[in-house]
There are 2 protein chains.
Amino acid sequence: MLSNILFYSLDKAIKQYRRFAQANIDRAGIAITIDQWLVLRVILENDDLTQTEIGDRVFKDQASVARIIRLLTERSLLVAEALPHDGRRTQLRVTAEGQRILDAVHPIVLSNRQIALRGLSEEDTAQLQQLLERIYLNCTPQP
Amino acid sequence: MLSNILFYSLDKAIKQYRRFAQANIDRAGIAITIDQWLVLRVILENDDLTQTEIGDRVFKDQASVARIIRLLTERSLLVAEALPHDGRRTQLRVTAEGQRILDAVHPIVLSNRQIALRGLSEEDTAQLQQLLERIYLNCTPQP
DNA sequence: AATAGATGTATGATATATCATGAAGGTTGC
DNA sequence: GCAACCTTCATGATATATCATACATCTATT
């Protein structure tokens with residue numbers, strides 16, 4: 001049975017959480033995807049990362065990050081200015097509108113997490129996190 | 001920190017597992033994606049499901065299943081025959097080539113799971129699965 | 001039997017994931 | 001200085017996810 005396979009349960013849980021979280025953002029009338037929100041948030045907290053470094057933090061590859069940044073820029077949630085000392089890169093800055101959206105999403109994200117974790121104790125989530133980290137490491141090729 | 005957020009760990013673990021699993025299938029020279037494999041496997045086990053029912057089992061929506069079935073059919077891993085009693089549907093059958101690929105992937109999938117769960121006890125995986133199911137239910141709107 | 005509603009499938013639009021590659025800029029070693 | 005290499009970013013191709021919708025067909029009701 002598929003239902004007995006751990007990775008099926010993992011996939012199922014994260015997909016349902018993403019659908020739930022996105023639906024709540026949509027319902028609040030905020031026009032942003034979870035992935036865009038995640039990247040925007042990372043840029044706000046640290047505006048001197050390369051696309052590859054951003055990708056490492058949000059677990060996306062550089063190509064995905066590039067396209068998300070393009071969308072965020074087109075939607076004016078982000079601006080890119082030339083950097084004098086390196087012609088390849090740009091300085092990314094979250095705009096006022098971007099900040100407004102981050103602020104609006106924040107309470108929704110907190111509420112989403114709380115609802116999703118209802119019935120789980122601190123120890124439950126700690127152990128869950130530890131097991132997930134172990135799986136991650138098991139699947140990561142040693143350099 | 002993102003790393004303290006449970007859903008970040010969840011996303012990270014499942015993504016890394018999928019990359020790991022797909023890389024091992026690719027390395028074996030088998031031309032199929034994990035998602036295609038999953039759908040093909042469900043059809044083998046039960047060849048009278050609608051696309052929506054298949055989607056329910058593999059946690060995809062009907063549109064995704066339709067496109068995966070089209071690819072599997074184009075690659076001749078699956079054939080669709082008209083059903084006399086219902087002009088909307090077709091009878092899906094896994095071809096010999098499809099069966100060959102399922103057989104080739106099977107030991108790789110078992111090995112992937114074993115490696116990914118290295119260091120986790122039976123109780124660990126059981127508890128993990130139970131917590132994931134709880135999260136799923138928490139994120140599922142009550143009808 | 002005709003019609004309204006339900007079901008099954010296909011597909012368009014947009015977003016993301018992955019791999020590969022191209023193009024431009026930067027760094028190092030000589 | 002320059003050649004080889006590395007880094008950064010953009011983009012094409014393909015696969016999947018999601019929502020909406022179109023279309024055909026089936027079912028139920030009258």
Side-chain angles (χ1 to χ4, degrees), chain A residues 11-12 14-27 31-40 43 48-56 58-75 77-78 80-92, chain B residues 11-12 14-27 30-40 43 47-56 58-75 77-78 80-92:
Chain A
D11 196 50
K12 185 173 153 186
I14 190 69
K15 279 185 179 173
Q16 194 74 343
Y17 175 71
R18 289 178 69 92
R19 288 171 188 172
F20 168 73
Q22 187 68 59
N24 288 335
I25 291 172
D26 295 347
R27 190 172 309 121
I32 195 168
T33 67
I34 290 185
D35 295 299
Q36 290 169 10
W37 167 79
L38 195 55
V39 169
L40 193 58
I43 292 171
D48 61 352
L49 299 177
T50 66
Q51 291 183 358
T52 303
E53 289 167 340
I54 294 172
D56 288 344
V58 299
F59 222 67
K60 300 176 182 301
D61 80 345
Q62 178 265 326
S64 299
V65 173
R67 282 161 175 135
I68 289 173
I69 286 177
R70 181 165 58 75
L71 283 176
L72 289 171
T73 304
E74 285 171 3
R75 292 177 187 180
L77 309 187
L78 203 59
E81 298 156 5
L83 269 182
H85 64 285
D86 190 334
R88 297 166 301 182
R89 305 185 45 184
T90 57
Q91 172 74 43
L92 297 173
Chain B
D11 196 48
K12 185 173 153 187
I14 190 69
K15 279 187 180 173
Q16 193 75 341
Y17 175 72
R18 288 178 71 92
R19 288 171 187 174
F20 168 73
Q22 187 67 58
N24 288 335
I25 291 173
D26 295 347
R27 190 173 307 122
I30 306 172
I32 196 168
T33 67
I34 290 185
D35 295 300
Q36 289 168 11
W37 167 78
L38 195 55
V39 169
L40 192 59
I43 292 172
D47 61 2
D48 61 350
L49 299 177
T50 67
Q51 292 182 357
T52 303
E53 289 166 341
I54 294 172
D56 288 344
V58 298
F59 221 67
K60 300 177 183 301
D61 80 344
Q62 178 265 326
S64 299
V65 172
R67 281 158 175 137
I68 290 173
I69 286 177
R70 181 165 58 74
L71 283 177
L72 289 171
T73 304
E74 285 171 3
R75 293 178 185 178
L77 308 187
L78 204 59
E81 297 157 6
L83 270 181
H85 64 285
D86 191 334
R88 298 167 300 182
R89 306 186 43 183
T90 58
Q91 172 75 42
L92 297 174

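In what follows, every heavy atom counts, from backbone to side chain, and hydrogens, waters and symmetry copies are set aside. Just so it is clear, the structure is predicted and the values come from calculations on it, not from any experiment. Below, read A as the first sequence line, B as the second, and so on, with proteins coming before strands; counting in each chain starts at 1.
- Residues forming a ring pair (Phe, Tyr, Trp, His ring centres under 6.0 Å) with A:F20 (at least two apart in sequence, or on another chain): none.
- In terms of polar N and O atoms assigned as donor or acceptor, the side chain of A:Q62 comes within less than 3.5 Å of the base of D:dA10 in a complementary pairing.
- Between A:K15 and the phosphate of D:dA17, there is a side-chain N or O to OP1/OP2 separation shorter than 4.0 Å.
- Among the heavy atoms of the strands lying under 4.0 Å from A:T33 are primed sugar atoms or P, OP1, OP2 only; no base atom is included.
- For DNA chain C, the residues of residues 19-27 of chain B within the heavy-atom distance limit of 4.0 Å (strictly under) are B:R19, sorted by number.
- Taken from OG1 in A:T50 to CG in A:D56, the straight-line distance is 7.5 Å, to the nearest 0.5 Å.
- At a threshold of 4.0 angstrom between heavy atoms, the contacts of B:D61 include nucleobase atoms, whether or not backbone atoms are also involved.
- Although no hydrogens or angles enter the test, the distance criterion places no donor-acceptor pair under 3.5 Å between the side chain of A:Q36 and the main chain of A:L72.
- Here C:dT16 presents its C1' atom at 6 Å from CG of A:D35, a figure rounded to the nearest Å.
- Both A:G87 and A:K60 lie close to DNA chain C; mapped to their nearest nucleotides by heavy-atom distance, the more 5′-ward contact belongs to A:K60.
- In the set C:dA20, D:dC26, D:dC9, C:dA20 carries the atom at the smallest distance from any side-chain atom of A:A63.
- Between B:E74 atom CD and D:dT16 atom P the separation is 11 Å, expressed in whole Å.
- Qualifying salt bridge (Lys or Arg N to Asp or Glu O under 4.0 Å) partners for A:D86, counting only residues two or more places apart in sequence or in other chains: A:R88.
- In this structure, the CD1 atom of A:I34 is 12 Å from the C1' atom of D:dT18, given to the nearest Å.
- With no hydrogens or angles considered, a side-chain donor-acceptor pair links B:Q62 and B:Q51 at under 3.5 Å.
- Whole-Å rounding puts the A:W37 CH2 to C:dA15 P distance at 19 Å.
- To the nearest angstrom, C1' of C:dG8 lies 15 Å from CD of B:Q91.
- Partners of B:R75 by salt bridge (Lys or Arg N to Asp or Glu O under 4.0 Å), not counting sequence neighbours: none found.
- Scanning for side chain to side chain donor-acceptor pair (under 3.5 Å) contacts around A:R18 gives A:D35, with sequence neighbours left out.
- Using a 4.0 Å heavy-atom distance criterion, A:L71 is classed as a sugar-phosphate-only contact.
- The backbone N or O of B:I69 sits nowhere less than 3.5 Å from a side-chain atom of B:E74 that would complete a donor-acceptor pair.
- Pairing each heavy atom of B:V65 with each of B:K60, the nearest pair is CG2-CB, 4.1 Å.
- Atom CG of B:L49 and atom C1' of C:dG8 are 13 Å apart (whole Å).
- Checking side-chain atoms of A:Q16 against main-chain N and O of A:D11 turns up no donor-acceptor pair under 3.5 Å.
- The side chain of B:Q36 approaches D:dA15 more closely than any other nucleotide in the set C:dG25, D:dA15, C:dT9.
- Closest-nucleotide positions on DNA chain C for A:R18 and B:A66 were compared, and the one nearer the 5' end corresponds to B:A66.
- Between the CG atom of B:L72 and the C1' atom of D:dT16 there is a distance of 13 Å, rounded to whole Å.
- Looking at the side chain of A:R67, the nearest of the listed nucleotides C:dA15, D:dA13, C:dA20 is D:dA13.
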Show me the protein contacts with nucleotides 2-7 of chain D, counting only N or O atoms at under 3.5 Å.
residue : atom : partner : partner atom : Å
D:dT7   : O2   : A:R88   : NH1          : 2.7

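- Rounding to whole angstrom units, CZ of residue B:R70 and C1' of D:dT16 are separated by 12 Å.
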